[in-house]
2 protein chains.
Amino acid sequence: MAVTLKEVAEKAGVSRSAVSRTFTDGASVSEKMRRKVEKAAQELGYSPNALASSLTTGRTKLIGLVSNNFHNPIFLQVFDLFTRGLQDRGLRPLLVNLTDETDPATSVRMLRQYSVDGVVVASSTLPPGFAKAFRDAGVPVVHSFGRYSAAPQVHVVGIDNVECGRMAARTLVERGYKKVAFLGGPESATSTQDRYTGFMSEMAAHPDVKTTYSFAKAYSFEAGRQEMLRLLKSAPADAYFCGDDVLSIGVLSALQDSGLQVPEDVGVIGLNDMEMARWESIDLTTIHQPIRQIITSTIELMVAMLDEPDRYPEARIFPCSVVERGTLRPAP
Amino acid sequence: MAVTLKEVAEKAGVSRSAVSRTFTDGASVSEKMRRKVEKAAQELGYSPNALASSLTTGRTKLIGLVSNNFHNPIFLQVFDLFTRGLQDRGLRPLLVNLTDETDPATSVRMLRQYSVDGVVVASSTLPPGFAKAFRDAGVPVVHSFGRYSAAPQVHVVGIDNVECGRMAARTLVERGYKKVAFLGGPESATSTQDRYTGFMSEMAAHPDVKTTYSFAKAYSFEAGRQEMLRLLKSAPADAYFCGDDVLSIGVLSALQDSGLQVPEDVGVIGLNDMEMARWESIDLTTIHQPIRQIITSTIELMVAMLDEPDRYPEARIFPCSVVERGTLRPAP
DNA sequence: ATCCATTTTGCAACCGGTTGCAAAATCAAG
DNA sequence: CTTGATTTTGCAACCGGTTGCAAAATGGAT
C-alpha cells in the first residue's frame with residue numbers, strides 16, 4: 001500500500017541507506033544526493049514508517065497517557081495541555097482510560113507491548129504504587145497530580161495536598177467560622193486523604209472550632225450535591241472545605257435549594273480553580289492549582305528522562321493559593 | 001532491554017517460529033509445545049512486541065482519534081466513551097489535538113507515519129473535506145459528529161443538524177414566542193451553519209414571528225455570556241435557540257444578571273443535553289443528542305472497515321428529541 | 001511393520017527501516 | 001599529477017517479529 005524506502009531508492013537510483021540518511025537528521029549526505037532523493041520521495045509521496053524505524057532505534061516517540069479521571073471537567077483541560085505539549089515536541093500520546101475493571105498489570109503490559117518511550121500517569125486518585133509498576137518494568141514514568149512524598153519512588157509533579165488542606169483550614173478559621181467541615185471526594189483517593197490530613201492537623205490547633213468531616217462518593221457534581229443534602233438533614237456546619245471545585249458546585253446547588261444564603265449563613269471553599277469557578281453565577285472562592293505549570297513541568301521532566309532513564313526520582317511541587325471570590329465571608 | 005522472541009526460543013529449545021505461533025491465535029501448535037514455550041516466556045517475562053509484528057501483519061491496532069473540541073465539556077464524555085470502546089476491542093487510541101496552527105496535511109502525514117489502522121475524526125466543527133483527506137490517503141476514516149450529506153464522501157455518524165434547527169424553531173413557535181433568535185457557535189462550524197439553516201427554513205413558514213440571529217465566537221460559556229450581554233443592550237428577543245448547551249448556560253448567566261426571568265420573560269433552548277443541563281440550578285430545556293449511540297456506532301463502523309476498507313461510504317444519523325425542563329414556558 | 005494422510009515443526013525469506021564498516025569519491029595541498 | 005585526509009556512499013547485518021513451504025513427526029488403517 002504505502003510507498004517504501006526501497007521504491008524511493010530504486011526510483012532515485014541510489015542505495016537504501018542513502019534514502020534512510022536523507023530522512024534522519026544528523027546523517028552524512030551530500031547536497032546533490034539529498035536533492036535527488038527528495039525529488040523521488042516527493043514524486044512517490046513517500047513518508048518514512050515511524051514504527052519500522054523504531055525497531056532499530058529503540059524509540060517510538062509514543063508516550064502513554066494514563067488516566068482514570070474522565071469525569072472531572074478539569075481533565076479536559078489537562079488532556080488539552082498534555083496533547084499539545086507532547087505533539088509540540090514530536091511525541092504522540094497513546095491514551096489509556098483506566099476503568100475500575102482494568103487492573104494495573106494489564107495496562108503496564110499493554111503499554112510495554114507498544115514500546116512506549118515513557119508513561120505519564122495523570123491522576124489524583126491513584127496510589128504511588130501504580131506509577132511504580134511502570135518504573136519496575138523499566139519504563140520512564142512521571143506521575144502528575146500524584147501524591148507527594150519526601151522519598152519519592154517515582155517522579156511526581158503536583159501540589160502539596162496536605163498543605164492545601166491546612167491552607168483551607170486556616171482560611172476558614174480566619175474568617176471566623178465556628179463549625180467547619182471537610183467534604184472530601186472518594187475516601188480511597190490519595191488527594192482526598194492528604195487534604196483531609198492537612199485540614200485536620202491545622203484544626204487540631206483550634207479546639208474552639210467544631211470540626212467534622214465526610215466523603216462524597218466521587219469527584220462529581222451529583223456526589224457533592226447528594227452529600228450536602230444528606231448533611232443538611234443532620235447537623236450542618238457553617239463552612240465547608242470541599243475536596244474539589246466540582247464537589248463545591250454540587251454543594252452550592254444543594255445549599256441554594258435549602259434556602260440558606262452563601263456566604264452569610266454558610267461558607268464554601270473549593271480546590272482547583274476550574275474555569276467554571278469564575279462563572280458569575282457560581283463565583284466560587286477556591287484554592288488555585290497551577291495546572292498549566294504542572295503539565296509543562298511534567299512534559300519537561302518526561303523529555304529529560306528519555307535521555308536519562310535512570311534519573312533519580314524527584315518531586316516537583318507547585319504552590320497553591322487562595323482565590324478570593326464570593327462564597328466565603330471576608331475576614332473580620 | 002526487553003525480552004525477545006529469540007531468547008524465549010533458546011530457553012525453550014525450540015525454533016523462533018514456534019514461539020511466534022504460540023502467541024498468535026489460530027496458528028498450529030501442539031499442546032506440548034505450547035506448554036514448553038509458555039513456561040519459558042513466563043519465566044523470562046516475555047510479551048510480544050506489537051509494533052514489530054505490525055511490520056509483517058500490516059496491522060497496528062492503533063486508531064487515530066482526531067479532535068479539536070478540547071473546550072466543550074461534552075467532549076470529556078466523548079473521549080471517555082471512545083477510549084473505553086476502542087480498548088474493549090483491543091484497539092489503542094492515538095490522540096491528536098488539532099489546534100488552529102496544525103494544518104490538516106500535517107496530521108494526515110503524522111498518522112500515516114504511525115501506520116494507524118484507521119482514524120476517527122470527532123468534531124462538529126470540521127468540514128467534510130478534512131476527513132476526506134484521510135480517505136484519499138487510503139486510511140479508513142469515520143467522521144463522528146460530522147456534517148450529514150445525502151451523498152457522503154466519507155463515513156459519517158451523527159445527527160441531522162438541519163432537522164435539529166427546525167425542531168428548535170417549531171418548539172419555540174409552539175410555545176407562543178413572538179420574537180425568536182438563533183444564537184449559534186462559531187460561524188465557520190458546519191454544525192452552526194446547519195442548525196442555522198434548519199432554524200431559518202422553519203421560521204420562514206411563520207412570518208408573524210420576528211426572527212433574528214447572531215453568532216458567538218466559540219462553543220463556550222464565556223462566549224455565550226458575552227454575546228447575550230451584547231444582545232441585551234440592543235433588541236433582545238423573547239426566546240433563544242442556542243447552538244450548544246454550553247452557550248445556553250452562558251446565556252442563562254447573562255439573563256440572570258440582567259434581572260429578566262426565565263422562562264417567563266425569555267425562553268432558552270439548547271442542544272446536546274450535557275450532564276450539566278440536568279443540574280437543578282440550571283435545569284435547561286434542550287435537544288438531546290444521543291452521544292453514547294453515536295460513539296458506539298462509530299466504533300462498530302470503524303471495526304467493520306478494518307476488514308473491508310473500501311466499504312461504500314454511509315451516513316448514520318440518529319434522531320434527536322426535545323428534553324423538557326425549566327427554561328421554556330409550556331405550550332399554551 | 002508398512003503405507004498414506006494429517007499435523008507439527010523448522011528453515012529461510014521477508015516486513016521497512018538503521019547503522020558499522022570499508023570502499024569509493026572528493027578535496028586541498030604539495 | 002600525486003598524495004593523504006576527509007567526506008560520501010553502498011554493502012550487509014540487524015531490529016523483533018511473521019509466514020509459505022517442505023521436511024519431520026504423528027496417527028490410523030491395513
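Nothing here was measured: the structure is a model prediction, and the numbers come from that model. The sequence lines fix the lettering, A, B, ..., with proteins before strands; numbering per chain opens at 1.
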Go through B:Arg34 and B:Thr22 one step at a time and tell me if the side chain to side chain donor-acceptor pair (under 3.5 Å) criterion holds.
CA-CA 6 Å; B:Arg34 151 158 282 127; B:Thr22 43; 5.7 Å; no
Are any of the side-chain heavy atoms of A:Asn97 and A:Asn68 separated by less than 4.5 Å?
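No, side chains not in contact.
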Spacing between [X] atom [atom1] and [N] atom [atom2], to the nearest angstrom:
X	N	atom1	atom2	value
A:Glu10	C:dG17	CD	P	13 Å
A:Lys61	C:dG17	NZ	P	16 Å
A:Lys6	C:dA13	NZ	P	15 Å
B:Leu55	D:dT19	CG	C1'	14 Å
A:Gln113	D:dG16	CD	C1'	13 Å
A:Phe23	C:dT19	CZ	P	16 Å
A:Leu5	D:dC15	CG	C1'	15 Å
B:Leu51	C:dC15	CG	C1'	13 Å

Measuring centre to centre across the rings, with the benzene-like ring taken for any Trp, is A:Tyr148 within less than 6.0 Å of A:Phe318?
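Ring-ring flag for A:Tyr148/A:Phe318: false, centres at least 6.0 Å apart.
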Looking only at the aromatic ring of each residue, does the gap between the centers of A:Phe79 and B:Phe75 stay below 6.0 angstrom?
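No, ring centres 6.0 Å or more apart.
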When you look at CZ of A:Arg292, are more than 12 heavy atoms from neighbouring residues, nucleotides or ligands closer to it than 6.0 Å?
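Incorrect, the count does not exceed 12.
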With a 6.0 Å cut-off (strictly less than), is the heavy-atom count around CG of A:Asp103, excluding the residue itself, greater than 12?
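Above 12, so yes.
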Test side chain to side chain donor-acceptor pair (under 3.5 Å) on A:Arg147 and A:Gln193; report intermediate values, then the result.
CA-CA 10 Å; A:Arg147 170 176 268 176; A:Gln193 294 162 9; 2.7 Å; yes
Donor on one side chain, acceptor on other, A:Ser124 and A:Tyr219, under 3.5 Å
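No, A:Tyr219 and A:Ser124 have no side-chain donor paired with an acceptor closer than 3.5 Å.
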Starting at the 5' end of DNA chain C, which residue's closest nucleotide do you reach first, B:Ala52 or A:Val19?
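Residue closer to the 5' terminus by nearest nucleotide: B:Ala52.
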Salt bridge (charged side-chain N to carboxylate O under 4.0 Å, His left out) between A:Asp136 and A:Lys132: does it pass, once the steps are laid out?
CA-CA 6 Å; A:Asp136 293 344; A:Lys132 183 75 170 22; 3.1 Å; yes
In residues 35-49 of chain A, which ones come under 4.0 Å of DNA chain D, going by heavy atoms?
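Residues of residues 35-49 of chain A under 4.0 Å from DNA chain D: none.
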Counting any heavy atom closer than 4.0 Å, what does B:Thr24 reach on the DNA or RNA strands: base, sugar-phosphate only, or nothing?
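It contacts sugar-phosphate atoms only.
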Where along nucleotides 5-11 of chain D does protein come under 4.0 Å, by heavy atom, of base (B) or sugar-phosphate alone (S), with - for untouched nucleotides?
---BBBB
